[in-house]
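Reading through the structure tokens given below for one structure.
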2 protein chains.
Amino acid sequence: MTEAAAKTRRQKVEQKERAILTATRAVFREKGAEEAKISAIAQAAGLAEGTVYLYFKNKQALLMAAVSDFYAELTRDAESAVAQSPDTGSQVLSLARLHFGRVFDEWPLIAEAMGPYLPSPEYRETEAFALNRRYVGVFDGIMRSGVARGDIRADLSIPAMRDAFYGGLEHCARSARLRTTTPDIDAEVRQFLTIFMAGVMGRPSHGEIDGARVVRRLQSVIVDIEEQMRSADTDREQT
Amino acid sequence: MTEAAAKTRRQKVEQKERAILTATRAVFREKGAEEAKISAIAQAAGLAEGTVYLYFKNKQALLMAAVSDFYAELTRDAESAVAQSPDTGSQVLSLARLHFGRVFDEWPLIAEAMGPYLPSPEYRETEAFALNRRYVGVFDGIMRSGVARGDIRADLSIPAMRDAFYGGLEHCARSARLRTTTPDIDAEVRQFLTIFMAGVMGRPSHGEIDGARVVRRLQSVIVDIEEQMRSADTDREQT
DNA sequence: CATCATTACTGAATCAAGTTCATTTTTGTG
DNA sequence: CACAAAAATGAACTTGATTCAGTAATGATG
């Protein structure tokens, strides 16, 4: 087998793997989790059922890979959207819009189909988990720099803000999915952010007292400690 | 068939129905959604598999009934807890504690097993949906009277507050379930409510740094660090 | 370009869990 | 006690995931 041929073959394999993932996401989006049988996915990808199992160990692995694909794409888009936003507020806004829209669209895959696998201890070893961590890192970055700029309160832990942010947004998306009408993403997100931002923003402060400086310093030390814990601790990294 | 006999028989039927529901919730709690097969549930209730289908049309109906049971119980407890709390803040706190704890305990049933059925349009016709609405009514009541008392901002819609509250709490519960250690409910809930309440409350006079809060926060971080060190230790021992 | 080895693919067979149903057991009544 | 109605059972059936024995495509080699 020559080098060139090897490359071509690998490319073909990767291309087909990609086709299966794309088909999987499409079937979930268009037919829902209930109807996303292996047979339907194989058909959508133009393959026999058995072939799917040459590329993915089982259905769970396939869904995990599809979710990884979702998060990889979402992270790229989130990073670019955030990079284009000048201040903390608009960064949070564009991340929230993006997250709400994507999660709403791919709810059957992200929420319905994945739910059952999350609790298993092996989940933490998967690529999907790692990509999810990378994705929530975008939020963490916004918040950390927000704290540094004084836009965000320094006395809150990032994981707590994360739970409030993603939890609230995803609950909105779920509620929106229960309604039959298509949601007004902008209005939904604005409503939610009104609450979230008020909870998370730095209070406008006046005249510094001497003691206040010390307390502020303590607060920022807390943030640093948590920072260290965060990198050691993978426990709270979920969306 | 006499009146008395009829009553006895109906009671017996209801008693058995209850036994099945109790068994269902227990199996989900103790073995998780994956292992909650009809055979396991039947065994736990001391019945043959087929018998379950005399009481519930299919597995979906059984789960719906179990969820209804869950919400009925939760609503009773929430109403009583709230009735005993004097002010808006403590009402929210006790509801949040209760919700977090129960959802955490019955996550496999409430979140994993139900997820797939929620999006179906028929869900809105079920008893579970109605009971869920009644349950969120407790929260709505707290918020409405909070607005009336001036504790809660009047410019936010109740549904938006609801999404933020339940979404955030449930996301915390989910994160907590992914960790292996049992959660400190109080600390989790306090963290979340710090954000939620600040977002939802009428603005307090600002500028002053709340030294007591910072101290409390330092204490909780210390506890977290200790927790972390302890769990790192046990991890090492487990291998 | 014919041969062969390797790799990719297929769909029928197998397995597992939910569901049905013919049969058996229990219950209550005359 | 005899018997009709109700309740319960578990083996058979259905459906969807997974495996596997066999077939087709690919590409290296003489």
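The sequence lines fix the lettering, A, B, ..., with proteins before strands; numbering per chain opens at 1.
Between A/R18 and A/D69 there is a salt bridge, since a side-chain N of the basic residue sits under 4.0 Å from a carboxylate O of the acidic one. A salt bridge links A/R179 with A/E188: the distance from a Lys NZ or Arg NE/NH1/NH2 to an Asp or Glu carboxylate oxygen falls below 4.0 Å. Look at B/E73 and B/R25 and you find a salt bridge, because one of the NZ, NE, NH1 or NH2 atoms lies within 4.0 Å of a carboxylate O, short of that distance.
Rounded to whole Å, the distance from CD1 on A/I41 to P on D/dG16 is 13 Å. In this structure, CG of A/L47 is placed 11 Å from C1' of C/dA8, rounded to the nearest angstrom. One atom, CD1 of B/I20, and another, C1' of D/dA8, lie 11 Å apart when rounded to the nearest Å. The CD-C1' distance, from A/Q60 to D/dT18, rounds to 14 Å in whole Å. What separates NZ of A/K37 from P of C/dA16 is a distance of 20 Å, to the nearest Å. For the pair A/F56 CZ and D/dA17 P, the computed distance is 15 Å after rounding to whole Å. Note: CG (A/L54) to P (C/dT6) measures 18 Å, nearest angstrom. Between the P atom of D/dA8 and the CD atom of B/Q43 lies a distance of 17 Å, rounded to the nearest Å.
Residue contacts shown for B/Y55 are limited to sugar-phosphate atoms, with no base heavy atom under 4.0 Å away.
Enclosure of atom CZ in A/R134 is not indicated, since only 12 or fewer non-hydrogen atoms of other residues, nucleotides or ligands lie within 6.0 angstrom. Within a 6.0 Å sphere centred on CZ of B/R133, other residues, nucleotides and ligands contribute 12 heavy atoms or fewer.
Distances from the side chain of A/E49 to the nucleotides C/dT19, C/dT10, D/dT18 place D/dT18 closest. You'll find that the side chain of A/T51 is closest to C/dC9, out of D/dT9, C/dC9, D/dT18. In this structure, of D/dA7, C/dT10, C/dG18, it is C/dG18 that holds the atom nearest to the side chain of B/K59. Checking C/dG18, C/dT10, D/dA7 against every side-chain atom of B/I38, the shortest atom distance belongs to C/dG18.
A sub-4.0 Å separation between OP1 or OP2 of D/dT9 and a side-chain N or O of B/Y53 is absent. OP1 or OP2 of D/dA8 lies within a sub-4.0 Å distance of a side-chain N or O belonging to B/K16.
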